[in-house]
Amino acid sequence: MSTPPSAGDRLVRVGAIVFFIGALATLVTVAPLFLGTDPFPSIAYAVCMLMGVGFLIAAAGMVRSAWAGSPKRDATR
């Protein structure tokens, strides 16, 4: 019998997905600079910020999982 994923695990998964979307957007946004074409509009560069947002979401999930599984917290339950 497997245990259901905790909220921290879900945050890590969502953070990884958001991070990879941001990484893909970064690759697409940087490509015109190497290909010599016109750069994308500013909104495309804003989508690249999802990489940092995804990292923060995943880090929050790791902290939440660690906090929920700490021995001190288990002793108070």
Side-chain angles (χ1 to χ4, degrees):
M1 180 185 262
S2 64
T3 59
S6 67
D9 294 339
R10 280 186 241 126
L11 279 174
V12 171
R13 287 182 187 150
V14 169
I17 291 168
V18 172
F19 179 86
F20 285 120
I21 290 171
L24 181 64
T26 300
L27 290 174
V28 170
T29 305
V30 173
L33 300 174
F34 292 112
L35 299 174
T37 59
D38 291 333
F40 287 108
S42 298
I43 192 70
Y45 292 98
V47 175
C48 295
M49 296 297 172
L50 287 177
M51 217 159 84
V53 171
F55 181 78
L56 289 175
I57 292 170
M62 290 177 65
V63 168
R64 187 171 181 180
S65 291
W67 182 72
S70 69
K72 192 175 196 180
R73 178 146 169 86
D74 287 339
T76 60
R77 287 185 189 178

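Numbers here are sequence positions counted from 1. Please read these numbers as outputs of a predicted model, since none were measured by experiment.
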K.L.:
Taking side chain to side chain contact (heavy atoms under 4.5 Å, CB included) as the test, write out the residues that go with A58, two or more places apart.
P.N.:
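Not a single residue meets the side chain to side chain contact (heavy atoms under 4.5 Å, CB included) criterion with A58.
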K.L.:
List the atom pairs, donor and acceptor, that lie under 3.5 Å between side-chain atoms in residues 14-43 and the rest of the protein, sequence neighbours left out.
P.N.:
| from | atom 1 | to | atom 2 | distance (Å) |
| --- | --- | --- | --- | --- |
| T26 | OG1 | G22 | O | 2.8 |
| T29 | OG1 | A25 | O | 2.6 |

K.L.:
Rest of the hydrophobic cluster containing L56 (Ile/Leu/Val/Met/Phe/Trp/Tyr, side-chain heavy atoms under 4.5 Å)?
P.N.:
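ILVMFWY cluster around L56 holds nothing else.
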K.L.:
Cluster partners of M62, using ILVMFWY side-chain heavy atoms under 4.5 angstrom, listed by chain and number?
P.N.:
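When side chains under 4.5 Å apart are linked, the cluster holding M62 also contains V12.
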